[in-house]
Asker: 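Let me begin by handing over the structure; questions about it come next.
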Amino acid sequence: MSGTVLVLGGRSEIGLAVARKLVDGERKFVLAARRSGDLDDEEASLRRAGASEVARVEFDADDVARHREVLDAVVAEHGPLETVVVAFGILGDQERAERDAAHAMAVIHTDYVAHVSVLTELANLLRAQGSGQLVVFSSVAGVRVRRANYVYGSAKAGLDGVAGGLADALHGSGVRLLLVRPGFVIGRMTEGMSPAPFSSTPEQVATATVRALRRGRGEVWVPPVLRPVFFLMRLLPRAIWRRMPR
């Protein structure tokens, strides 16, 4: 398969790792992020992986009013979209979010509201196109929301629900959605935090994601052991659950 791979969140370690694994000499790549002129390192990493065509586009996930405009411009300049990796997001500061409602809303806006907007626009665009793949990154943090990061976790819970419903809505349209549920990912976003059990790296998440794409899967847990672990965690009494660490 060849076509254009669009990474929304062009600085994302996971998004870039997925893109590198999709390089095959034929695909075009578009990195979309704020301050797109500063994506030299990200573009270079794709070119080292063998990509011959790498473009950049200015994209502010929080500017939901311009989502469709940006997507239409990408298609007009680079052709139909084969795969869209939706990889933007913020972790936020839970302690600050509990004191500062504006910060809590900023996390919710980026990690949930902006995703709902861009996924809706992408679904409409790809339906009209008749083909395409969407990659959406949820998190085990949204499977059962913990006290230690409930603002971020609630956004991921909402995103998980929207993505699952959208996948069902797209069934039979020629468009597929892959929902990825990683556990703790050791990277820039979690720098300075103690890794949780069953942690993974961006490369490991990307490997599992691309494998699932090629197999036509609808969802993937990274690592797979987290699926039975969280099945059991859902059964824990709330008195125990509220004391669970991040």
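This structure is a prediction, so every number in the text was calculated from the model and none was measured. Heads up: numbering here begins at 1 and tracks the sequence. The analysis underlying the following values was restricted to heavy atoms, covering all of them including side chains, and did not include hydrogens, waters or symmetry mates.
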Asker: For the residue pair Arg181 and Leu226, establish whether any side-chain heavy-atom pair is separated by less than 4.5 Å.
Answerer: no
Asker: Does any part of the side chain of Leu159, heavy atoms only, come nearer than 4.5 Å to the side chain of Lys156, both counted from C-beta?
Answerer: yes
Asker: If the condition is side chain to side chain donor-acceptor pair (under 3.5 Å), which residues does Thr207 pass it with, not counting sequence neighbours?
Answerer: Lys21
Asker: Would a 4.5 Å heavy-atom cut-off, applied to side chains only, mark Ile90 and Val107 as touching?
Answerer: yes
Asker: Can a donor-acceptor pair be found between the side chains of Asp93 and His103 at a distance below 3.5 Å?
Answerer: no
Asker: Side-chain contact test, heavy atoms from C-beta onward, threshold under 4.5 Å: evaluate it for Asp72 versus Leu125 and give yes or no.
Answerer: yes
Asker: Keeping Arg27 on the side-chain end and Val5 on the backbone end, is there a donor-acceptor pair under 3.5 Å?
Answerer: no
Asker: Under the side-chain contact (heavy atoms from CB on, under 4.5 Å) test against Glu121, which residue among Leu71, Leu126, Val64, Val116 passes?
Answerer: Leu71
Asker: Give, for atom CD1 of Ile240 and atom CG of Leu235, the distance between the pair rounded to the nearest 0.5 Å.
Answerer: 11.5 Å
Asker: Under the side chain to side chain donor-acceptor pair (under 3.5 Å) rule, collect the residues that match up with Glu69, sequence neighbours excluded.
Answerer: Arg66
Asker: Identify the heavy atoms of Val222 and Ser200 that sit nearest to each other, and give their distance.
Answerer: CG1-OG, 4.2 Å
Asker: Who passes side-chain contact (heavy atoms from CB on, under 4.5 Å) against Thr209, sequence neighbours left out?
Answerer: Val18, Val135, Phe137, Leu178, Val180, Val205
Asker: Determine the minimum heavy-atom distance between Val185 and Thr190, stating which atoms define it.
Answerer: O-OG1, 2.6 Å
Asker: Using side chain to side chain donor-acceptor pair (under 3.5 Å) as the criterion, list what pairs up with Asp63, not counting sequence neighbours.
Answerer: none
Asker: Please check: side-chain N/O of Arg11 versus main-chain N/O of Arg34, any donor-acceptor pairing under 3.5 Å?
Answerer: yes
Asker: What heavy-atom pair brings Ile108 and Ser154 nearest, and what distance separates the two atoms?
Answerer: CD1-OG, 3.6 Å
Asker: Answer yes if the side chains of His67 and Ser117 hold a donor-acceptor pair under 3.5 Å, and no otherwise.
Answerer: yes
Asker: Kindly write out the residues that satisfy salt bridge (charged side-chain N to carboxylate O under 4.0 Å, His left out) with Arg127, not counting sequence neighbours, or none if the list is empty.
Answerer: none
Asker: Out of curiosity, Ile14 CD1 to Gln204 CD, how far, rounded to the nearest 0.5 Å?
Answerer: 11.0 Å
Asker: Write down the atom of Phe198, the atom of Val229, and the distance for their closest heavy-atom approach.
Answerer: CE1-CG2, 4.0 Å
Asker: Please report the C-alpha distance between Lys28 and Glu77 in whole Å, then the side-chain angles of each, then the deciding distance to 0.1 Å, and finally whether the salt bridge (charged side-chain N to carboxylate O under 4.0 Å, His left out) criterion is met.
Answerer: CA-CA 11 Å; Lys28 303 175 184 177; Glu77 185 168 353; over 6 Å; no
Asker: How long is the straight-line distance from CG of Leu6 back to CG of Leu8, given to the nearest 0.5 Å?
Answerer: 4.0 Å
Asker: Minimum heavy-atom separation for Ala33 and Gly10, please, with both atom names.
Answerer: CB-N, 3.7 Å
Asker: Thinking salt bridges, do Asp40 and Arg56 make one under a 4.0 Å N-O criterion?
Answerer: yes
Asker: Does His78 reach the side chain of Glu53, with side-chain heavy atoms less than 4.5 Å apart?
Answerer: no
Asker: Excluding sequence neighbours, so at least two apart, what forms side chain to side chain donor-acceptor pair (under 3.5 Å) with Arg188?
Answerer: none
Asker: So Gln94 and Arg147, do their side chains get closer than 4.5 Å, heavy atoms only?
Answerer: yes
Asker: Determine the minimum heavy-atom distance between Val151 and Ala104, stating which atoms define it.
Answerer: CG1-O, 3.8 Å
Asker: Evaluate the side-chain proximity of Leu31 to Leu16: yes if any heavy-atom separation is below 4.5 Å, no if none is.
Answerer: yes
Asker: Within a 6.0 Å radius of atom CZ on Arg68, are there more than 12 heavy atoms belonging to other residues, nucleotides or ligands?
Answerer: yes
Asker: A side-chain contact here means heavy atoms from C-beta on lying under 4.5 Å apart; do Phe88 and Val118 qualify?
Answerer: yes
